[in-house]
Structures are given as structure tokens and as C-alpha cells.
Amino acid sequence: MLVLLGPPFEGRNDQYAELAELSGLVIYDLKTKLRPDSWGVVKALAEAGQAQLLLERLAGAGYRVALVDPAVGHEPDRKIVTLRGLSLDDAGLTLQLHARHMTIPWGAVLVLVQGQVSLGGDSPRARSSSSSLRAINPSAAEMESFRESLSPGQIEAYLALDIHFITVPWVARVDARSFDFAGFPGGSTLQKLEACAVALAERSGARVDHGARTSSVNAFTDHSNRSRVLTPPPSYASPPSRRMGDDVSPRFDVYSRLIAEAERQTRSLARG
């Protein structure tokens, strides 16, 4: 079980000192795991009772914490459905799916998770524990420059925005390769994606999570029991990779689901 601590968290020295006393970890270790305004793993414990006790200690001290089973990130019921487009109005957001439209009220939006989805297997460097925990935070310009520098036949990753809901387990994904960004301003794909995220956040009041590259939750996205849970499922397939035979890496998918579960458990605290 993962004991997660999330925003609002300022990352002050006194907070790290208090967390060290509550968790039994050293301050340096906590600073590598927990970053301001992002979800991070305080401890991963095999014994559910111990995890619950730690959760209660942290919650009693006023921290926003959740207890999440890593298997949540691989549950087939949490399908990722690729969107063709979006329209926004006072009633809610209308999802443009492959064969139909669906309107969902703003109050049903749980969290928005923005990041980059890798195509094919992860590289050895990406699998190492040190790289999983190292702070890698390129600027928006660097991310866009890297993506656009790749030739059409060598695309290794794509930008994505996952929209999670309170009312349903499946996830609506804005896939930057195929999404119609009409109505969202910006001179590049990244700028349009961020404009989309900002518009959704302003309307719904939901938080936008940008921790997919830096959060310690990433250390638990390559689960040995992931089997062949590929997303999106065949009935909601994304545009195929140009490198035929490659599978979509589930790391961002798993991260997105874990963050959503933590947000779902602590929604009352977040709204408060």
C-alpha cells in the first residue's frame, strides 16, 4: 500500500521535520519523495494495518493523505477513452467521442492530469530507481522543441491531458496527436494543450496535476503485475503509433490513475 501525501503542501523545513518525526524517515529522504504542491509517496508498506496507522498519524497532523493500492493503476475498469474534441458551456463539458457526444456537468470533474505518454518500452535509464526520483523539470519551450524536432516517422512520445471524473471510473484523454484544439489559443501544440487545461480548470475548479515527470509516485508505475493492460482498450483505440509493433508504455497511464484515486479519496479536504 502506498501512503501518499499531496497538495496543499508547501515543503517548508518545519513540515519536513514534523513528517520525519511522524514517519520515522530522515528529512533528506522525505525531500526526495515529497515536493511542494504535488503528490508523493511517504512510504510503501506491505502491511495494510501499518499503512493505515501512518495515514492516521499524518492526517491527524493536518496533512492531506491517501492510502492507495498500486494495483489501482492497472485496473481494467479504469479505461482511457481518447477524445476527438471538447466543447465548453455553462452546463458542463461536452466530450466528442468517436461515435457520439456526451455532456458531463462541471461538478463531476475530479482532477486533470497533464503529462507525456511514451511509445514503446521504457529505456533502461527510465527504469532505474534514481531516474524515477530525480527532479526532471524541463521548461515548456524545451518540451515543445523536443517533440517538434522529431520527424513524423520517429515519434517517441506525445503530450496528453487526462480528465478524471467523480461519477465514472473511465478517463477521458486529450491526445495531442489527434485532438481538435479548435477554440483553444496557442502557437504550438503544447500551448494549446495548456490552454485547454486552464479552461477546464477554471470552469470546473479541479486541480491540474503536472507531476508526472518529477513525482516519486513514478517509482511505482512499472508494476510486475501489470500483465497486458494496455490503454486505450481496443474499442477506444488511439491513433496507432507510427512504429508498428510498439505498445504504449503504461507508465503515464498508471500515474494518472493513481493520482486520480488519491484525489478521489481526499476530495472533501481539497474542496474544503
Side-chain angles (χ1 to χ4, degrees), residues 2 4-11 31-42 64-66 68 73 80 83 86 93 109-118 122 126 131-148 156-165 171-177 179 181 184-221 231 249-267 269-271:
L2 304 180
L4 305 182
L5 185 146
F9 174 65
E10 299 176 19
K31 285 186 175 181
T32 65
K33 294 180 174 183
L34 305 176
R35 302 186 183 280
D37 296 322
S38 179
W39 283 100
V41 180
V42 181
R64 184 184 178 201
V65 285
V68 179
I80 295 180
L83 300 178
L86 275 174
L93 67 162
V109 179
L110 175 66
V111 67
L112 309 165
V113 182
Q114 183 176 338
Q116 182 173 285
V117 181
S118 298
D122 299 315
S131 67
S132 297
L133 299 177
R134 187 176 64 235
I136 303 173
N137 192 21
S139 68
E142 287 172 336
M143 286 181 64
E144 185 63 25
S145 175
F146 170 76
R147 179 178 181 275
E148 296 188 344
E156 298 290 343
Y158 67 90
L159 299 173
L161 175 68
D162 283 355
I163 308 171
H164 293 268
F165 306 102
V171 187
R173 170 164 294 178
V174 174
D175 180 334
R177 300 171 298 173
F179 185 79
F181 284 105
F184 297 106
S188 68
T189 301
L190 176 60
Q191 290 172 345
K192 292 177 181 179
L193 184 76
E194 291 183 336
C196 178
V198 169
L200 290 170
E202 288 178 347
R203 293 267 194 157
S204 66
R207 189 178 74 88
V208 183
D209 185 279
H210 294 97
R213 291 180 63 88
T214 60
S215 171
S216 56
V217 174
N218 274 312
F220 301 89
T221 56
T231 53
S249 167
R251 293 179 68 88
F252 177 75
D253 295 6
V254 174
Y255 172 84
S256 183
R257 294 183 183 110
L258 293 176
I259 295 304
E261 179 59 25
E263 292 278 347
R264 184 170 285 108
Q265 289 185 21
T266 60
R267 180 175 174 78
L269 290 175
R271 291 293 180 179

Problem set entry | side-chain hydrogen bond (donor to acceptor under 3.5 Å, both in side chains) partners of Glu10, counting only residues at least two apart | Arg12
Does any part of the side chain of [Y], heavy atoms only, come nearer than 4.5 Å to the side chain of [X], both counted from C-beta?
X      : Y      : value
Val42  : Val65  : no
Ile163 : Val171 : no
Gln265 : Arg64  : no
Phe252 : Ser118 : no
Val113 : Leu161 : no
Leu4   : Val217 : yes
Leu193 : Val174 : yes
Arg207 : Ile259 : yes

Can you see which heavy atom on [X] is nearest to which on [Y], and at what distance?
X      : Y      : value
Ser216 : Gly40  : OG-CA, 3.5 Å
Arg251 : Asn218 : NH2-O, 3.3 Å
Val208 : Gln114 : CG1-OE1, 4.1 Å
Pro185 : Ala195 : O-CB, 3.5 Å
Pro7   : Ser38  : CD-C, 3.8 Å
Phe165 : Ala172 : CE1-CB, 3.9 Å

For this session: List the steps and the verdict of side chain to side chain contact (heavy atoms under 4.5 Å, CB included) for Asp162 and Leu112.
Result: CA-CA 6 Å; Asp162 283 355; Leu112 309 165; over 6 Å; no
Hey, could you give me the [atom1]/[atom2] distance between [X] and [Y], rounded to the nearest 0.5 Å?
X      : Y      : atom1 : atom2 : answer
Arg35  : Leu5   : CZ    : CG    : 13.5 Å
Thr189 : Arg177 : OG1   : CZ    : 12.0 Å
Glu156 : Gln116 : CD    : CD    : 10.5 Å
Leu258 : Asp209 : CG    : CG    : 11.0 Å
Phe184 : Cys196 : CZ    : SG    : 4.0 Å

For this session: Please answer whether the main-chain N or O of Trp39 pairs with a side-chain N or O of Ser215 as donor and acceptor at a distance below 3.5 Å.
Result: yes
Exercise. Under 3.5 Å, side chain of Gln191 to main-chain N/O of Ser188, donor-acceptor pair present?
Worked result: yes
Exercise. Are the charged groups of Asp175 and Arg173 less than 4.0 angstrom apart, N to O?
Worked result: no
For this session: For the pair Asp37 and Phe9, evaluate side chain to side chain contact (heavy atoms under 4.5 Å, CB included) and give the outcome as yes or no after the intermediate values.
Result: CA-CA 5 Å; Asp37 296 322; Phe9 174 65; 5.6 Å; no
Exercise. Got a sec, which residues hit side chain to side chain contact (heavy atoms under 4.5 Å, CB included) with Ala260, two or more places apart in sequence or on another chain?
Worked result: Leu110, Val111, His164
